[in-house]
> 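Before we start, here is the structure in question, set down as structure tokens.
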Amino acid sequence: MEWKQFVLGPLQTNGYCVINGDRCLFVDPGWEGEKIIEYIEKNKLKLEAILLTHAHFDHIGAVDDIRMKYKVPVYAHEREKDWFQNPMLNGSGLFFPNDPIQINSADEWIRGEGTLELAGLSLHVFETPGHSPGSVSFYVENEFVICGDTLFAEGIGRTDLPGGDFKQLMDTIRQKLFVLPGDTVVLPGHGPVTNIRKERETNPFLSMID
């Protein structure tokens, strides 16, 4: 099992292809669907699902291009089911009012926490709200956690967009992410890869949590 990071679009959003043999998943195809498709085709991978950490525009923009190409289901949290067609909720109406993003709804709704068995992998789903109400993280035990815009290297997600909540984000980081093993690789929605131990020890927002 391995992962490949893609830095996509004008906001440099991270998307991740999680690969298990010749099977794969894609998390947060925010932009540049052609780049993602080219990689899947070049490596002869079988895409089995698209997973979304949350439904902000820079994480969903290429969903329909990839879904139409491979006819795979899209998973997202039900708290953001209205965001796909609403540019003011997904943020594109605020940042790109002349080019709002509206996509088809997800196919499978995440309700609560649990485990997804996809592409031969077990992904633990954590509800990690704060940046947005339906933010989730996908954890592969003893390997990595894909956490969207919840936690960054030496930073945290913004909370001034619709549904954001600073206290809730702090609680999420403390209760859901910082309890993971220290060597867990953190795959964030923007910026460089980090790990849980480093963020527990050096993240400047840690003092706000304690």
> Say you draw a straight line from CD of Glu41 to CG of Leu47; how long is it, rounded to the nearest 0.5 Å?
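Result: 10.0 Å between the selected atoms.
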> Is Lys69 salt-bridged to Asp65, going by a charged N under 4.0 Å from an acidic O?
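Judged by the 4.0 Å cut-off on N to carboxylate O distance, Lys69 and Asp65 do not form a salt bridge.
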> How long is the span from the SG atom in Cys24 to the CD1 atom in Ile36, to the nearest 0.5 Å?
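Reported value, rounded in 0.5 Å steps: 10.5 Å.
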> Following the transitive rule for hydrophobic clusters with a side-chain heavy-atom cut-off under 4.5 Å over Ile, Leu, Val, Met, Phe, Trp and Tyr, establish whether Leu11 and Leu161 coincide in one cluster.
yes
> Compute the ring centroids of Phe138 and Tyr16, then answer whether they are less than 6.0 Å apart.
no
> Would you name the heavy atoms of Gln102 and Pro87 that are closest together and state the gap between them?
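In this case the closest contact between Gln102 and Pro87 is CG-CG, 3.8 Å.
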> Determine whether Asp107 and Tyr75 make a side-chain contact, defined as any pair of heavy atoms from C-beta on separated by less than 4.5 Å.
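The answer is no; the side chains never approach within 4.5 Å.
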> Please determine whether residues Ile66 and Val74 belong to a single hydrophobic cluster, defined as Ile, Leu, Val, Met, Phe, Trp and Tyr linked transitively by side-chain heavy-atom distances below 4.5 Å.
yes
> Among the clusters formed by ILVMFWY side chains lying less than 4.5 Å apart, do Tyr70 and Trp31 turn up in the same one?
yes
> How far does OG1 of Thr128 sit from CD1 of Ile173, to the nearest 0.5 angstrom?
9.5 Å
> Quick one: does any side-chain atom of Gln12 pair with a main-chain N or O of His190 as donor and acceptor, under 3.5 Å?
no
> Just so I know, are the side chains of Gln5 and Leu187 near enough to count as touching, which here means a heavy-atom distance under 4.5 Å?
no
> Which heavy atom of Leu180 sits nearest to which heavy atom of Arg200, and what is that distance?
O-NH1, 2.9 Å
> Kindly give the heavy-atom pair with the smallest separation between Tyr39 and Cys17, and that separation in Å.
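Scanning both residues, the minimum pair turns out to be CE2-SG, 4.2 Å.
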> Applying side-chain hydrogen bond (donor to acceptor under 3.5 Å, both in side chains) between Thr53 and each of Asp28, Asp149, Asn14, report the one that passes.
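Only match with Thr53 under side-chain hydrogen bond (donor to acceptor under 3.5 Å, both in side chains): Asp28.
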> Side-chain contact, heavy-atom cut-off 4.5 Å: Pro133 with Trp83?
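Yes, their side chains come closer than 4.5 Å.
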> Any chance you could measure Ile19, atom CD1, to Arg23, atom CZ, to the nearest 0.5 Å?
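Going from CD1 on Ile19 over to CZ on Arg23, the span is 13.5 Å.
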> Is Lys4 close enough and on-axis enough to Phe6, meaning under 6.0 Å and within 45°, for cation-pi?
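Flagged: Lys4 positioned over aromatic ring of Phe6.
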> Just by distance, no angles: are the side chains of Ser105 and Gln85 close enough, under 3.5 Å, to form a donor-acceptor pair?
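No, Gln85 and Ser105 have no side-chain donor paired with an acceptor closer than 3.5 Å.
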> State, yes or no, whether a side-chain contact exists between Val18 and Phe26 at a heavy-atom distance under 4.5 Å.
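Side-chain contact under 4.5 Å: no.
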> Could you walk me through whether Asn20 and Glu2 pass the side-chain contact (heavy atoms from CB on, under 4.5 Å) check?
CA-CA 7 Å; Asn20 184 25; Glu2 59 184 311; over 6 Å; no
> Identify the residue among Phe95, Phe84, Phe57 that makes a side-chain contact (heavy atoms from CB on, under 4.5 Å) with Ile101.
Phe57
> Take His54 and His59 through the ring-ring contact (aromatic ring centres under 6.0 Å, His included) test and state the conclusion after the steps.
CA-CA 7 Å; His54 63 296; His59 293 255; 4.1 Å; yes
> Distance from Glu143 atom CD to Leu123 atom CG, nearest 0.5 Å?
11.5 Å
> About how many Å separate CD1 of Ile40 and CG of Asp22, when rounded to the nearest 0.5 Å?
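It comes to 12.5 Å.
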> Begin with the C-alpha distance, continue with both residues' side-chain angles, and end with the deciding distance and a verdict on side chain to side chain donor-acceptor pair (under 3.5 Å) for Ser135 and Thr150.
CA-CA 8 Å; Ser135 286; Thr150 297; 4.7 Å; no
> Name each donor-acceptor pair under 3.5 Å that joins a side chain in residues 109-119 to protein atoms two or more places apart or in another chain, with its distance.
residue	atom	partner	partner atom	Å
Arg111	NE	Glu78	OE1	2.8
Glu113	OE2	Glu127	N	2.8
Glu113	OE2	Lys176	NZ	2.7
Thr115	OG1	His124	ND1	3.3
Glu117	OE1	Ser122	OG	2.7
Glu117	OE2	Ser122	OG	2.9

> What heavy-atom pair brings Val136 and Leu52 nearest, and what distance separates the two atoms?
CG2-O, 3.6 Å
> Which residue is it: Gln168, Arg158, His56? I am looking for the one with a side-chain hydrogen bond (donor to acceptor under 3.5 Å, both in side chains) to His131.
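Passing option: His56.
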> Can you name the nearest heavy-atom pair linking Leu94 to Pro162, along with the distance?
CD1-CD, 4.3 Å
> For the hydrophobic clusters of this structure (ILVMFWY residues joined by side-chain heavy atoms under 4.5 Å, transitively), does one cluster hold both Ile37 and Leu8?
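Linked within one cluster.
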> Is there a continuous path of hydrophobic side-chain contacts, each under 4.5 Å between heavy atoms, that joins Trp3 to Leu51?
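In one cluster: yes.
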> Can you tell me if CD on Glu38 sees more than 12 non-hydrogen neighbours from other groups inside 6.0 Å?
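Incorrect, the count does not exceed 12.
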> Would you mind reporting whether Thr184 and Asn142 have side-chain heavy atoms less than 4.5 Å apart?
no
> Can you tell me if Thr172 uses its side chain to pair, donor with acceptor, with the backbone of Gly130 under 3.5 Å?
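A pair under 3.5 Å: no.
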> Do Ile50 and Leu25 have side-chain heavy atoms sitting under 4.5 Å apart?
no
> Are any of the side-chain heavy atoms of Asn104 and Arg67 separated by less than 4.5 Å?
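Side-chain contact under 4.5 Å: yes.
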> Counting only heavy atoms not in Met68, do more than 12 sit closer than 6.0 Å to its CE atom?
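No, because the 6.0 Å sphere around CE of Met68 holds 12 heavy atoms or fewer from other groups.
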> Do Arg197 and Asp183 touch side chain to side chain, with heavy atoms closer than 4.5 Å?
yes
> Specify the closest pair of heavy atoms between Glu80 and Ala55, including all atoms of both residues, with the distance to one decimal.
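Closest heavy-atom pair between Glu80 and Ala55: OE1-N, 2.7 Å.
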